[in-house]
2 protein chains.
Amino acid sequence: MAIAMEIDREVAMEPDAPRQNLAINAYRTLKHDIIRGRYAPKEKLLMSRLKECYGVSTGPLREALSQLVADRLVVAISQRGYRVAPMSLAELNDIYDARAQLEGLILRLAIERGDDDWEASVLATAHRLAKVTDISSPDELLDGWDLRHKAFHTAIASGCNSPHLLQMRNTLFDQVERYRHLWLQETVMSPAALEQKRQEHAALVDVILARDAEKAAILMRDHLMTPVPIITRVLQNRGIS
Amino acid sequence: MAIAMEIDREVAMEPDAPRQNLAINAYRTLKHDIIRGRYAPKEKLLMSRLKECYGVSTGPLREALSQLVADRLVVAISQRGYRVAPMSLAELNDIYDARAQLEGLILRLAIERGDDDWEASVLATAHRLAKVTDISSPDELLDGWDLRHKAFHTAIASGCNSPHLLQMRNTLFDQVERYRHLWLQETVMSPAALEQKRQEHAALVDVILARDAEKAAILMRDHLMTPVPIITRVLQNRGIS
DNA sequence: CTGTGCCAAATTGTTAAAATTTATTGATAA
DNA sequence: TTATCAATAAATTTTAACAATTTGGCACAG
């Protein structure tokens, strides 16, 4: 009974409370730092440095790192330690294409299977997102707009009613987020751009509630793919091919 | 240069050479044992027992276990150690549905994107699979037929040309395989059943080479879903709901 | 039958140190 | 100067012993 509850909690949500064993804490903060670009793509992750930096010893640290390897955010080279996973235009394109495909599949299923509660949560999260009218600082963008934006898309996807498809979506999102962060940094998100996104979301909500799977899939794909050209430019400016 | 090669090797294949650090070895053998049912679904994985059983100490063992948690084959309960992930009819249905959906998506893309080499490898692996005419022992089934069967389906999927979609397919397959193993054990695979499968594969090859995505998706879904009723029965006989 | 408190067992984490492997440096030879 | 190569330094990987904390079980009293 208690076990089942714990398991459900583990499966259901990713960003859990910050109280757990040290390995999970280290995993979370390290992942956060890699996604936010604190470490450069192929940078060496020195054991001794990480130990003092995150205040954990070898055991938990290696646990955290091997989980990041499973997330493909870190690569392990036998007997030569760990490095931040490289970034490339090829991976950018593949990751965004895979995501668009998967998100399209999930959206179709959600439109086919979603119930009234699902419709309600889509509307609710869309409303909460639309209420973010202007953004003062970049921090506010990440902590405010982006959080609600994620909640909106997650609400849409959850209609597919398949824990395993949603789990795959989460895994892929972790990998996409490092690239996506480049876009969020580049786009200061002017009120004009914000309004543009707001309209895209409104259009999505319309076709979703009208249960028009074909139009929804097209709108979703366009919506997801818009950051790709900007990210491409950023990567090229940094000399990444 | 050497780094890039190593990375590619890491991403590309899962069943690597058995020479690497102890954590990866322990991970592989433990995973194998869990999938093959050596440990019961909710069984406690005692640290001390695993240490002597696999001949590794705490460090590498915890690494292996946390990777299995990421694979959802093991669940961690804070301060109470690790257990083999539970099995349920609900998960069986969700996992097979998710797999059919994903495999369908990948198949459509492969039919759309696959080139001549892809067609050749589909034909080649299908031929190799069809050559397995009869099976004497259950071991031969797993080591012979199933290996070629996996190679056939992997060849089909690889036409989608997306490393990340294929990676997701692998991850999901690891989770499905524990259920699928129940089917392989139950079905002794009579020559009649083998012939049935052979015909399904031949039909699949036909529609795939004819690039008929719709028919292929339907055939594939039926082909993937056949084990579900048998597995359901096995689970119920074991008192799993 | 129901709590309560104690004891054994298990998890989690640290530290130190051994064994290997990789990287670097500097001297030597072509 | 350049290349080779051995010695040395550094880093990874693993073990082992130990401390701290938590959980689980069990006798015992109410």
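A note on names: the letters A, B, ... follow the listed sequences, proteins ahead of strands, and every chain is numbered from 1. Here the structure is a predicted model, which is why all the values come from computation and not from measurement.
Applying the side-chain hydrogen bond (donor to acceptor under 3.5 Å, both in side chains) test to pairs two or more places apart or on separate chains, those with a residue in residues 49-60 of chain A are A:D33-A:Y54, A:Y39-A:Y54. Each ring-ring contact (aromatic ring centres under 6.0 Å, His included) pair with one or both residues in residues 142-166 of chain B, not counting sequence neighbours, appears once here: B:W145-B:H149, B:H149-B:H153, B:H149-B:H201, B:H149-B:H223, B:F152-B:H201, B:H153-B:H201, B:H153-B:H223.
Checked against salt bridge (charged side-chain N to carboxylate O under 4.0 Å, His left out), A:E91 has no partners two or more places apart in sequence or in another chain. Every residue two or more places apart in sequence or in another chain that forms a side chain to side chain contact (heavy atoms under 4.5 Å, CB included) with A:T154 is listed here: A:R169. Under the salt bridge (charged side-chain N to carboxylate O under 4.0 Å, His left out) criterion, B:D94 pairs with no residue, sequence neighbours left out. A search for salt bridge (charged side-chain N to carboxylate O under 4.0 Å, His left out) contacts involving B:R113 returns A:D97, not counting sequence neighbours. Residues passing the salt bridge (charged side-chain N to carboxylate O under 4.0 Å, His left out) test with A:R180, sequence neighbours excluded: A:D146. Remark: A:Q67 pairs with A:Y27, B:S66 by the side chain to side chain contact (heavy atoms under 4.5 Å, CB included) rule, at least two apart or across chains.
With D:dA11, D:dT13, D:dT15 as the choices, the nucleotide that has an atom nearest any side-chain atom of B:P60 turns out to be D:dT15.
In the region residues 49-57 of chain A, proximity to DNA chain D at under 4.0 angstrom, judged on heavy atoms, holds for none of the residues.
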Sugar-phosphate or base contact per nucleotide [nucleotides 19-24 of chain D; S, B, -; heavy atom under 4.0 Å]: ---SSS
Pairs of donor and acceptor atoms involving the side chains of residues 227-241 of chain A, under 3.5 Å and at least two apart or interchain, shall be tabulated with distances.
| from | atom 1 | to | atom 2 | distance (Å) |
| --- | --- | --- | --- | --- |
| A:T232 | OG1 | A:V228 | O | 2.8 |

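Within the nucleic acid shown, B:G59 has no heavy atom closer than 4.0 Å to any nucleic acid atom.
Bracketed by its first and final contacts, the part of DNA chain C lying under 4.0 Å from non-hydrogen atoms of chain A reaches from C:dT12 to C:dA23 in 5' to 3' order.
In this structure, A:Y82 atom OH and D:dA11 atom C1' are separated by 13 Å, rounded to whole Å. Atoms NZ (A:K44) and P (D:dA10) sit 14 Å apart, rounded to a whole Å.
Comment: B:E177 engages B:K150 in a salt bridge, judged by a side-chain N to carboxylate O separation of less than 4.0 angstrom.
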